[in-house]
Each structure stands twice: as C-alpha cells, then as structure tokens.
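Each remark here refers to the structure printed beneath this line.
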2 protein chains.
Amino acid sequence: MVEKKTIKLDDVAKLAGVSKTTVSRVLNNRGYLSDKTIKKVHDAMDELNYRPNVIARQLFKQKTNLVALVFPTVDNPFFAELEAELEKRFDQLGYRVLMGNSQNNPAKEQDYLKLLLNHQVDGLIVGSHNQGISEYQKTTRPIVSIERFVGKQIPVVSSDNYQGGLLAVQRLLNDGCKHIIHTNYPINLVSPNELRQQAYEDLMNKHHRKPITYSVSFDVSDEEKERVFRKMFQEHPEVDGIFADNDTNASLIIRVGKEFNRHVPDDLKVVGYDGANITRTLSPELTTIQQPIPEMATKAVELLLQLINGKTDVKSVTLPVRMINSTTA
Amino acid sequence: MVEKKTIKLDDVAKLAGVSKTTVSRVLNNRGYLSDKTIKKVHDAMDELNYRPNVIARQLFKQKTNLVALVFPTVDNPFFAELEAELEKRFDQLGYRVLMGNSQNNPAKEQDYLKLLLNHQVDGLIVGSHNQGISEYQKTTRPIVSIERFVGKQIPVVSSDNYQGGLLAVQRLLNDGCKHIIHTNYPINLVSPNELRQQAYEDLMNKHHRKPITYSVSFDVSDEEKERVFRKMFQEHPEVDGIFADNDTNASLIIRVGKEFNRHVPDDLKVVGYDGANITRTLSPELTTIQQPIPEMATKAVELLLQLINGKTDVKSVTLPVRMINSTTA
DNA sequence: TAACTTGTGACTACCGGTTACCATAAAGGT
DNA sequence: ACCTTTATGGTAACCGGTAGTCACAAGTTA
C-alpha cells in the first residue's frame, strides 16, 4: 500500500527555507513578517498542499470551533429547516456543526451528550424532548435550548406558543367551529409546547366549551399516529375543528378525516403548527401558525456565542409567531 | 469569573491512587488489570466527572472518528432523510458526523472541503451538485459520493436512475398520456440524474414522440421554479403528462397546473421522483419513483468504511428503485 | 551614535493523552 | 527453586502545532 505521509509545518518550513516559527507566524498572522517571506511560505504550502492539523491547534488552544446540535431527528420539516439555518449561521462565524439525532430516546440523548462533550465542542444547541438527563446538570459547557426547558441555568429560545395557541383556536372559533379538538405531545414532556394547550384550554373555557386534547408521541410511526386520529374521529364524530400541534399531524388528520368522509374545509377545519419551508411547499393549502425559524436560529446562535464568550446573565427569549391563512381553515 | 479547571487523566490517577499508566490502561483496556483497580479508577472518574479529552487522543492516534456530509442543504425531504439515515449508521459505528451544507455554491463547497479536511475527518460523503472542485483531486482522504460523479477514483452510490426514468415514463404512457414533458436539473451538472432524462428520451423516441425537457436549477426559490413551470404550461398547453425530477417540483407543478385549470389526474398526470419520508407523509397523493434511501445510506457507509480501512478496489454501486402508485398518475 | 522598529531564527515548554520500555513484585505452575 | 503469568509504577518520547523568550541583524529615526 502506498503510504502517503502527511505534510507538516516542518516540511513547509524546510521547503520555504525558513524556520518553523516563521511558518507558524504566517499561519497565525503574528509578529513581524515581510511580504516576501509570506509569499514564500504560501507558495510552499500550496506546493505541498499543506493543511494545518486543526487537532493539534485545538489541543493547544483549548478551543475546537465545534458546536453540536442535539435534536430528535433532522428528517422532519421543522428540525430540517432549523438545523439548516443554525448551520448556516455557525458556518459564517467559523464554527463547524456536529449532528446529534437523539431519535427522542433518552438513553441515546445521554450518550450523545457524553460523546459530543468528549469531543470538546465549544457549545451545544439542544431541542430534544427528553427529560431528566443528568448530563445537563453535570456540565458547565455552554448550552442553549430551543423550544424546551432543560434546566434553570440554560437559556431557552422559543416562539410565542401561547399566542400561537390563541391565534389558532380563535381562527377556528371565528370560522364557526363548535367542537374543537387539540392534539399535542404527551404533557409530561416539559416544553413550551404546553402553552399552546394552555391557550387552547383558556380560550375554550372562556367560550364555555369543553377542551379535549389527544396526545400523540413525536417518535412513533405515521401509522401509529393515524390510529390515534381515527380513534379521535370515532369518539368525537361531532368534531368540526382541529388545532394540531404540528403540520405533519395536521396533514395526517386531514387524510384520516377523508376516511370518515370529512372534507376540509367544509365539514372540518384544521389549523396546523410550524409553517416550515418544506411544509409550505408540499402542503400549501394548510392553514398554520408559523414559527419564526430563521429568527429562532439567529437568536440561539447569538445566545450561545454570548455563553461561549463568558457572558453569564444570558436570558431566554420568546419570538412572535404569525398565522398563515390558507384553505384548510 | 469562576474558572472551572478541567479534570485530566493525572487527576484521576491521583484520586484513585494509581499511576497515569494504569488509568490509561483502564481507559483503553490494555495490559493486565485487576478488577479492584478497574473499579477504583472508574469510581475516581465518576467522582470527578472525568471526560477523556478526545482531541489529545485524536492527535496521537491520527484518527478522529469524524466524518463529514457535504450536501446542498438538509432542508429538503430527500437530503434530510438521507443525512438522518447516514448519521444513524455512523453513530452506531462510533463516528460523529459533521454537517456541511454547500447551498449548491461551488465556492462554498470548496471552502467546506478545505475546512472539513483540516478538521482531520476520517472520511466524507458528498452529494453536492457542483463540478470542477479541485479539492477532490488534491486529497487522498476517503470519499464516497451519492448520486453524483466526482472523480474517477471516487466510488458513487446511486439508485437506478435509468430504470426510474423508464418506470415513470412508461406509467404515463400506459395512462394514455400523449404529450409528456420532463423536468430536470441543468444537464451540465454531471450526475446520474442525467440517466433519468436519457430513459425519458429513449422511451419517447421509441414511441415516436418528441422529448421536451425543462431545466430547473436546484438552488433557486420556489417562486423562480413556479415561473419556469408557468412558462411550460404556456408554451405547451397540450401537455398531459409530466415526469418531474423530484417530488418538490412535482408538487409545484400540480399547484401551477391548477392556475391553468388543469386538474390532476383528469387533465394532467404527474409522476415525481424521490419518495422520501416527509413527502410521503405530506403529499401521499403523489405518484412517484422511490429511491431506496436507507439502503443507499447503508451502502455509502459500507463503502466509506472500506476506504477508511485501506481497501483500494472499492466499486460504485447502483440500487433498484420502485414505483409508488398513487392518485396523481 | 544611540535607540527603536522590523524581520527572522533557535529553543523550549505546553496542550492531554498514548504507548513502548524497563523495573518490580506477588502468585501460580512444574 | 526456577520460570511464567499477572499486576502495577515510572519515565520518556510522541502526535503537530502554539507561543514565549532570547538573540541577532539590518534599517530607520531622533
């Protein structure tokens, strides 16, 4: 096997006819350097196709310029857009991004945290839906959470879930719905998501209607989810409006509704939640509450950088949502 | 500011009352060790919440257990599923995954390659749609490509694009379409995608029909794409069947068709391409050619690992596609 | 002419592990 | 009683850069 030796700083120095120190100075733009020397060094680097070993530098500097994203999965319109936006911003700031798809499995999330922390990441953005992960308490590494409460000291970026809930339910009420049902994650997952349900219940109570919520786990198959929705239509044939906790579920509900001969928006009105890119493209007919994903990404990156730079009083933020009016409600 | 000192191997050794060597032996499971010592060391590590500095180990071992994924963006049903599947497999094998969203911008792709290679990744999986990136020729690092020709020495995992093209067009012909149009990326992007177009043209010619292809760039906005499709309906009002190069475009075409009063599947039949998870959930009505994304991920990971382990004759593979019959054709 | 500024080299400690080598010692086998 | 296996310690080189210190030379300025 042809063993191709890695080029190191020393090799560049030799070829350029300068000292190791000088090459390092060129690389880091330190000290006094003549243009001539800089050129010589660059030429040598090009000729050898030299790539500085970032690992060695990381070890010395105690900084990796690596951040990790821990979310349930990237195979979901909301997380895909969010992670893409986060990555774009981190890239501009010189950070590389490690992916951590926890599959919404607490053990996996715990493992990921350990592994990613071992990789000496400079910070983490997390948005998994698990609880009680002790790793979060043990570390002092900078962490920002998105749409999820993780711990007292960890700032959260979320959209205005309560307002989103109000907008959605009010829209259904305005459209004349009498029997509105809400779907949401199981509530034991402490997330700002809960506030959507709170808004739903508050508004329903205000209008003297009985709030009914169906729980649907995030991490089960579409078939499983459809089963829940079928049960919903069977148990509540009177339903004429649904406030779904995300657009995927809204889409599944509309499909299941058809099985029960409910046609949107005549016999049934549906409002979704998230309003991600992909959903807007593939299901433009869906009326939904749009989370400001790009802004959330911007804010999360901003907060994480503050933490990385040693700021201590980093505060959680809530960003406004907006309604996208379309034809399903 | 409270400076929290990082715990190192030496600290663990001191607390456990053993030597640095022994701790390292416990960590790496090397040499002779008594159960008693192992326990002592583990206890000390737990007490101190010690995390071995992976960077230091990487530097010595010349192995990072890091791989990078370079794709246009993760905010797309096909790439989201593909990257999720890749990440899942790499995770199981002990590799962490770096995200590189090139935005389909050659300069950005080149930058990413440099950066990721600097990070000493053990390998890369690439699927961007750019050409002529010199970085690919310069490096000897293991690379596997997905659905894209990169260079002679770089193995490609692709699905059977020619067969996919045949299936799609044959379906439209069987449904009685007389005027079938194909949409695809600009052909100067050398990708196996081309074979879909080839199949389309071969089949059209065989049936003595004139093949017509509209080019749509991957990286433009939905609005831009819709403009192209509007032009298509204007220039070819006779069109009654469309073979789209991906499901997103199929979805946009159906929407634009409505503007021209073309209703699917009565006045117009559409077959898409990709059949990713998210698309199946959000647009189940779409008839499409499904790429075997999980299998492609499995194969790509397998090939990359062979390269990482020094195998030299790693061959490209093509995997079968299947048709998903639904209501748009 | 003394005092800086600029430009470069040589040397070394350091980042935090890994591992080879050698030494030592107790336990077990023959 | 001798040899081997098991178990542990100490030391040092090494991975590939970074950066501080000191030295020295040439050019510039007061």
Side-chain angles (χ1 to χ4, degrees), chain A residues 3-45 48-66 115 117-122 141, chain B residues 3-45 48-66 115 117-122 141:
Chain A
E3 201 51 56
K4 184 143 176 188
K5 148 173 158 299
T6 47
I7 311 301
K8 53 181 73 168
L9 194 137
D10 249 341
D11 303 317
V12 176
K14 239 170 276 170
L15 183 66
V18 299
S19 75
K20 219 181 127 183
T21 309
T22 300
V23 179
S24 174
R25 285 204 261 251
V26 171
L27 275 173
N28 297 285
N29 227 350
R30 243 176 342 107
Y32 301 114
L33 291 165
S34 69
D35 292 349
K36 209 184 61 192
T37 306
I38 294 176
K39 188 177 173 338
K40 266 198 303 188
V41 172
H42 277 133
D43 287 351
M45 296 200 299
L48 296 170
N49 192 27
Y50 169 71
R51 0 198 104 279
N53 187 327
V54 176
I55 304 293
R57 182 183 285 152
Q58 287 173 347
L59 181 57
F60 186 87
K61 297 241 182 131
Q62 300 291 73
K63 177 120 178 38
T64 54
N65 276 41
L66 239 41
L115 286 164
L117 289 171
N118 283 359
H119 267 278
Q120 311 297 120
V121 294
D122 292 338
R141 214 73 63 96
Chain B
E3 200 52 53
K4 184 144 177 190
K5 151 172 156 298
T6 47
I7 311 302
K8 52 181 75 169
L9 193 139
D10 248 342
D11 303 318
V12 176
K14 239 171 276 172
L15 182 66
V18 299
S19 75
K20 217 180 129 183
T21 310
T22 300
V23 179
S24 176
R25 283 204 261 252
V26 171
L27 275 174
N28 296 286
N29 227 351
R30 235 173 357 100
Y32 300 114
L33 291 165
S34 68
D35 292 349
K36 208 185 64 193
T37 306
I38 294 175
K39 189 178 173 339
K40 265 198 305 188
V41 172
H42 277 134
D43 287 352
M45 295 199 300
L48 295 170
N49 191 29
Y50 169 71
R51 1 196 101 278
N53 187 327
V54 176
I55 304 293
R57 181 184 287 153
Q58 287 172 347
L59 181 57
F60 186 86
K61 297 242 181 129
Q62 301 292 72
K63 178 120 176 38
T64 53
N65 275 41
L66 239 41
L115 286 164
L117 290 171
N118 283 0
H119 268 278
Q120 311 297 120
V121 294
D122 292 338
R141 215 73 63 94

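Within every chain, numbering begins at 1; the chains are lettered A, B, ... in the order of the sequence lines, protein sequences first and strands thereafter.
The side-chain hydrogen bond (donor to acceptor under 3.5 Å, both in side chains) check on Thr37(B) picks up Ser34(B), with sequence neighbours excluded.
A sub-4.0 Å separation between OP1 or OP2 of dG16(D) and a side-chain N or O of Thr6(A) is present. Between Asn28(B) and dT18(C) there is a side-chain polar atom (N or O) within less than 4.0 angstrom of OP1 or OP2. OP1 and OP2 of dG7(C) both lie 4.0 Å or more from every side-chain N or O belonging to Tyr32(A). Side-chain nitrogen and oxygen atoms of Tyr50(B) include at least one within less than 4.0 Å of the OP1 or OP2 phosphate oxygen of dG17(C). Ser24(A) has a side-chain polar atom (N or O) that falls below the 4.0 Å cut-off from OP1 or OP2 of dT18(D).
Residue order along DNA chain C, read from the 5' end via each residue's closest nucleotide, puts Lys36(A) first among Lys36(A) and Arg51(B). The residue among Thr21(A) and Asp35(A) whose nearest nucleotide of DNA chain C is located toward the 5' end is Asp35(A). Taking the nucleotide of DNA chain D with the nearest heavy atom to each of Arg25(A) and Phe60(B), the more 5' of the two is matched to Phe60(B).
The side chain of Thr22(A) sits closest to dG9(C) out of dG10(D), dG9(C), dT18(C). For Leu27(A), taking side-chain heavy atoms from C-beta onward, the closest of the listed nucleotides dG17(C), dT8(D), dT18(D) is dT18(D). Between dG9(D), dT18(D), dG16(D), one nucleotide has an atom nearer to the side chain of Lys20(A) than all others, and that is dT18(D).
Using a 4.0 Å heavy-atom cutoff across all strands shown, Lys61(A) reaches sugar-phosphate atoms only and no base atom. Among the atoms of the strands shown, none is found under 4.0 Å from any heavy atom of Val54(B). Counting any heavy atom pair closer than 4.0 Å across all strands shown, Ser34(B) reaches sugar-phosphate atoms only and no base atom. Note on Gln62(B): only backbone sugar-phosphate atoms sit closer than 4.0 angstrom, heavy atoms only; bases stay farther off. Nucleic acid contact for Asp10(B): none, since no nucleic acid atom lies under 4.0 Å from a heavy atom of the residue.
In this structure, the CD atom of Gln58(A) is 11 Å from the P atom of dT18(D), given to the nearest Å. Between the CG atom of Asn29(A) and the C1' atom of dG17(D) there is a distance of 17 Å, given to the nearest Å. The nearest whole Å value for the distance from the CG atom in Asn53(A) to the C1' atom in dC15(C) is 13 Å. Separating the CG atom of Leu48(B) from the P atom of dG17(C) is a distance of 12 Å, rounded to the nearest angstrom. Distance CD1 (Ile55(B)) to C1' (dC15(D)): 13 Å, rounded to an integer number of Å. Between the CG atom of Leu9(B) and the P atom of dC14(D) there is a distance of 20 Å, given to the nearest Å. The distance from atom NE2 of His119(B) to atom C1' of dG17(D) is 15 Å, rounded to the nearest whole Å. A straight line from NZ of Lys63(B) to P of dT18(C) spans 15 Å, rounded to a whole angstrom.
Each of Leu15(B), Leu33(B), Val23(B) was evaluated against Val41(B); a single residue qualifies, Val23(B), per the side-chain contact (heavy atoms from CB on, under 4.5 Å) test.
Sorted by first then second residue, the side chain to side chain donor-acceptor pair (under 3.5 Å) pairs that include residues 13-22 of chain B, not counting sequence neighbours, are Ser19(B)-Thr22(B).
Between the side chain of Asp43(A) and the backbone N or O of Lys40(A), no donor-acceptor pair lies under 3.5 Å.
Around the NZ atom of Lys39(B), the shell of radius 6.0 Å holds no more than 12 heavy atoms that belong to other residues, nucleotides or ligands.
At a cut-off of 3.5 angstrom, counting only N and O atoms as typed in the model, there is no donor on one side facing an acceptor on the other between the side-chain of Arg30(A) and the base of dG20(D).
Looking only at side-chain heavy atoms (C-beta outward), Leu27(A) and Tyr50(A) come within less than 4.5 Å of each other.
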